[in-house]
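Scroll down for the structure; my scribbles are underneath it.
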Amino acid sequence: MKEIINVYLRFFLVIPFAISNCYHSKKDDLSILTLLSQNAPPVRVTIVGDSLSQWSDSFNLRQKLPSSYTITDVSRAGYDTIMWLEDLALAEAIATDIYIVEIGTNDASYNGSRDFLNRYSQIIRRLEQRSNSFLILTAVPKTNQTGLHEAIQTNNTSIREFVKTNGRYRLADLELVFTSASENLTLYPITDPIHPNLIGYNLIGEEYRKILLGL
């Protein structure tokens, strides 16, 4: 049974991850095969995030994913890239196959777009030096606070371009997901323009689930 599960995971994780990004090389394929053959199951996922993850119980991924996945969430409410650079050892110390990086909303609130990509790229490169992990990078939702929209959109554009630089990166474009869904759904409570309601959090969890499963 264990051998069957291993084959299943390698097929459904390796193939979509290997072909879904515009950056591609034989070296990437070999690293993917080596990583998953050594560490599956379980597939170890670590979330590096802010209050969006912390307050939503990791976007409910423990319930959304098969039992062959383990979720460790080191998210901290209020954290931006400056704070994460200071405390990144929290994430670096954890054995991880896939990092989900969900930060950026607080950066837009505290600092706009000033030096965002420089700090963000430092975080990502430190994480990728720890192992052969994949990294799911997140273009965060614009929120319902209109004053943050310009900075979030600028920072998200930087993240989208950064994702293209390495075959181990994948993009979770939550800005696009929320923009599309908001035409028909209410995604934020009236009293909180930053943190989504249950519908919004479910959309985030589903987007990460699809990427993690390679759907």
Side-chain angles (χ1 to χ4, degrees), residues 13-36 38-39 43-50 52-53 74-75 79-92 94-108 110-142 150-179 204 207-215:
L13 283 171
V14 172
I15 299 302
F17 271 122
I19 65 175
S20 63
N21 197 285
C22 61
Y23 180 98
H24 180 82
S25 72
K26 292 182 179 179
K27 183 178 179 181
D28 291 329
D29 288 346
L30 290 174
S31 66
I32 291 168
L33 289 168
T34 300
L35 168 67
L36 294 178
Q38 290 178 346
N39 295 299
V43 178
R44 302 164 298 184
V45 180
T46 299
I47 303 174
V48 181
D50 51 31
L52 267 67
S53 179
V74 295
S75 298
Y79 266 39
D80 64 355
T81 51
I82 295 173
M83 297 174 191
W84 267 119
L85 280 172
E86 295 174 351
D87 287 345
L88 198 59
L90 293 170
E92 291 174 308
I94 300 169
T96 301
D97 299 315
I98 303 171
Y99 284 104
I100 294 175
V101 181
E102 177 272 306
I103 50 179
T105 305
N106 292 321
D107 281 272
Y110 304 160
N111 301 299
S113 299
R114 188 172 64 253
D115 294 326
F116 171 77
L117 182 59
N118 177 49
R119 295 188 301 272
Y120 190 89
S121 61
Q122 287 184 59
I123 290 170
I124 302 308
R125 286 170 177 143
R126 279 179 57 181
L127 291 176
E128 68 183 348
Q129 287 173 3
R130 305 302 299 178
S131 67
N132 289 323
S133 304
F134 291 105
L135 294 102
I136 300 174
L137 311 185
T138 305
V140 299
K142 288 190 298 184
E150 182 177 354
I152 288 176
Q153 287 178 294
T154 299
N155 293 342
N156 281 347
T157 296
S158 297
I159 291 171
R160 293 186 187 101
E161 291 302 311
F162 187 69
V163 166
K164 298 176 183 178
T165 65
N166 193 311
R168 287 160 58 189
Y169 303 161
R170 298 294 181 268
L171 176 67
D173 199 331
L174 300 184
E175 179 187 342
L176 179 61
V177 169
F178 268 53
T179 298
I204 295 174
E207 186 67 12
Y208 286 135
R209 183 190 69 84
K210 291 175 184 177
I211 296 172
L212 288 165
L213 294 179
L215 299 177

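Positions are given from 1 along the sequence.
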Please lay out, stage by stage, how Tyr120 and Leu137 fare under the test side-chain contact (heavy atoms from CB on, under 4.5 Å). CA-CA 10 Å; Tyr120 190 89; Leu137 311 185; 3.4 Å; yes

Reported [atom1]-to-[atom2] distance for the pair [X] and [Y], which is rounded to 0.5 angstrom:
{"X": "Ile123", "Y": "Asn118", "atom1": "CD1", "atom2": "CG", "value": "10.0 Å"}
{"X": "Leu176", "Y": "Lys142", "atom1": "CG", "atom2": "NZ", "value": "10.5 Å"}
{"X": "Asp173", "Y": "Ile159", "atom1": "CG", "atom2": "CD1", "value": "9.5 Å"}
{"X": "Glu207", "Y": "Leu174", "atom1": "CD", "atom2": "CG", "value": "6.5 Å"}
{"X": "Arg126", "Y": "Gln129", "atom1": "CZ", "atom2": "CD", "value": "8.5 Å"}
{"X": "Ile82", "Y": "Asp87", "atom1": "CD1", "atom2": "CG", "value": "12.5 Å"}

Backbone N or O of [Y] within a donor-acceptor pair of the [X] side chain at under 3.5 Å?
{"X": "Arg119", "Y": "Arg114", "value": "yes"}
{"X": "Asn111", "Y": "Asn106", "value": "no"}
{"X": "Arg168", "Y": "Ser133", "value": "yes"}
{"X": "Ser53", "Y": "Asp50", "value": "no"}
{"X": "Asp80", "Y": "Met83", "value": "yes"}
{"X": "Asp107", "Y": "Thr81", "value": "yes"}

Flag the pair [X] / [Y] as yes when at least one side-chain heavy-atom distance between them is below 4.5 Å, and no otherwise.
{"X": "Ile136", "Y": "Val45", "result": "no"}
{"X": "Arg44", "Y": "Ile94", "result": "no"}
{"X": "Arg160", "Y": "Thr157", "result": "yes"}
{"X": "Ile124", "Y": "Tyr99", "result": "no"}
{"X": "Trp84", "Y": "Leu90", "result": "yes"}
{"X": "Ile204", "Y": "Thr138", "result": "no"}
{"X": "Ile103", "Y": "Tyr79", "result": "no"}
{"X": "Glu92", "Y": "Leu127", "result": "yes"}

What pair of heavy atoms forms the shortest contact from [X] to [Y], and how long is it?
{"X": "Ala108", "Y": "Ala151", "value": "CB-CB, 3.8 Å"}
{"X": "Gly104", "Y": "Phe116", "value": "CA-CE1, 4.1 Å"}
{"X": "Ile47", "Y": "Ser75", "value": "CG2-OG, 3.6 Å"}

State whether the number of non-hydrogen atoms from other residues, nucleotides or ligands found under 6.0 Å of Gln122 atom CD is greater than 12.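 For Gln122, atom CD is crowded (more than 12 foreign heavy atoms under 6.0 Å).
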
So Tyr169 and Phe162, would you call those rings parallel, tilted or perpendicular, with 30° and 60° as cut-offs? parallel

Decide side-chain contact (heavy atoms from CB on, under 4.5 Å) for Leu212 and Ile100; before the verdict, give the C-alpha distance in whole Å, the side-chain angles of both, and the deciding distance to 0.1 Å. CA-CA 10 Å; Leu212 288 165; Ile100 294 175; 4.2 Å; yes

